[in-house]
Amino acid sequence: QVQLVESGGGLVQAGGSLKLSCAASGRTFSSLTMGWFRQAPGKEREFVAAITRPLINTYYADSVKGRFTISRDNAKNTVYLQMNSLKPEDTAVYYCAARSGYYTESVRQYDYWGQGTQVTLSA
């Protein structure tokens, strides 16, 4: 089992930045592929970014490429999502997810999920 706890969400103005964190426990963090997803009201949960192991490769949705950066600190069992140049359409609940397999953008392929953290953009 893996437990994931997100933090760092909040209210931010368009053009601003936020950094989300996801602390993992319960299983060797370094063996997990970690992902960030988001879900806006009335919409399906969608892929945002992922970071693999042991080779550190990163993947991004086109909508956030160049603005968001995913990273991981295996010593702290934590994955981060640095979000810059935020837009109103980035408003959503952001979820951290983990899986033991390789990178995928499929929600269904991730085995473990956090409770989510709200990110709200103000005009």
Side-chain angles (χ1 to χ4, degrees):
Q1 287 293 325
V2 176
Q3 292 78 45
L4 303 172
V5 179
E6 303 98 334
S7 60
L11 178 66
V12 62
Q13 287 188 333
S17 298
L18 275 177
K19 186 174 185 177
L20 307 183
S21 300
C22 172
S25 61
R27 183 171 172 173
T28 304
F29 176 76
S30 61
S31 70
L32 299 171
T33 290
M34 303 299 297
W36 284 98
F37 292 76
R38 66 187 182 186
Q39 188 166 18
K43 295 188 177 181
E44 294 187 351
R45 194 168 297 188
E46 64 176 7
F47 171 78
V48 174
I51 186 166
T52 60
R53 85 309 172 252
L55 295 177
I56 304 300
N57 292 316
T58 57
Y59 302 88
Y60 298 93
D62 287 343
S63 59
V64 307
K65 204 170 292 182
R67 300 188 297 122
F68 290 11
T69 302
I70 188 171
S71 61
R72 66 191 299 161
D73 186 336
N74 288 339
K76 296 183 178 180
N77 287 358
T78 301
V79 63
Y80 304 97
L81 186 69
Q82 176 67 48
M83 305 186 294
N84 298 328
S85 302
L86 284 161
K87 304 176 181 179
E89 53 263 41
D90 294 320
T91 294
V93 177
Y94 283 72
Y95 296 91
C96 175
R99 70 188 304 266
S100 57
Y102 198 63
Y103 152 74
T104 175
E105 297 183 6
S106 171
V107 172
R108 299 175 183 175
Q109 304 272 343
Y110 283 79
D111 304 306
Y112 307 101
W113 292 86
Q115 81 289 350
T117 185
Q118 178 72 47
V119 172
T120 303
L121 273 291
S122 61

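At a threshold of 4.5 Å between side-chain heavy atoms, the hydrophobic network of Ile, Leu, Val, Met, Phe, Trp and Tyr places Val93 and Leu81 in two separate groups. Note on Val119: it clusters hydrophobically with Phe68, by side-chain heavy-atom contacts below 4.5 Å among ILVMFWY residues. The hydrophobic cluster containing Ile51 also contains Tyr112, counting ILVMFWY residues as joined when their side-chain heavy atoms lie under 4.5 angstrom apart, directly or transitively. Linking ILVMFWY residues whenever their side-chain heavy atoms come closer than 4.5 Å, directly or via other members, places Met83 and Val64 in the same cluster.
In summary, the side chains of Tyr110 and Arg99 do not present any donor paired with an acceptor at a separation below 3.5 Å, with no hydrogens or angles considered.
Of all the heavy atoms in Val79 and Ser71, the pair that sits closest is CG2-O, 3.0 Å. Pairing each heavy atom of Ala92 with each of Arg38, the nearest pair is CB-CB, 3.8 Å.
Atom CZ in Arg53 sits 10.5 Å away from atom CG in Asn74 (nearest 0.5 Å). Rounding to the nearest 0.5 Å gives a distance of 11.0 Å between CH2 of Trp113 and SG of Cys22.
Taking 4.5 Å as the limit, some side-chain heavy atom of Cys96 sits within range of a side-chain heavy atom of Trp36. You'll find the side chain of Gln118 stays beyond 4.5 Å of the side chain of Leu11, heavy atoms only.
Evaluation of the salt bridge (Lys or Arg N to Asp or Glu O under 4.0 Å) rule for Lys65 yields Asp62 as partners, not counting sequence neighbours.
Each of Thr69, Leu20, Asp73, Ile70 was checked for a side chain to side chain contact (heavy atoms under 4.5 Å, CB included) with Tyr80, and the lone residue meeting it is Asp73. For the side chain to side chain contact (heavy atoms under 4.5 Å, CB included) with Met34, the lone residue among Thr52, Thr78, Val2, Leu4 that qualifies is Leu4.
Around CD of Gln1, the count of heavy atoms belonging to other residues, nucleotides or ligands within 6.0 Å does not exceed 12. Around CD of Glu46, the count of heavy atoms belonging to other residues, nucleotides or ligands within 6.0 Å exceeds 12.
Taking the six-membered ring for Trp and thresholds of 30 and 60 degrees, Tyr103 and Tyr59 have nearly parallel ring planes, at less than 30 degrees apart.
Looking only at distances, a side-chain donor or acceptor of Arg72 sits under 3.5 Å from a matching main-chain atom of Phe29.
For residues 2-12, the side chain to side chain donor-acceptor pair (under 3.5 Å) pairs, not counting sequence neighbours, are Gln3-Ser25, Glu6-Gln115.
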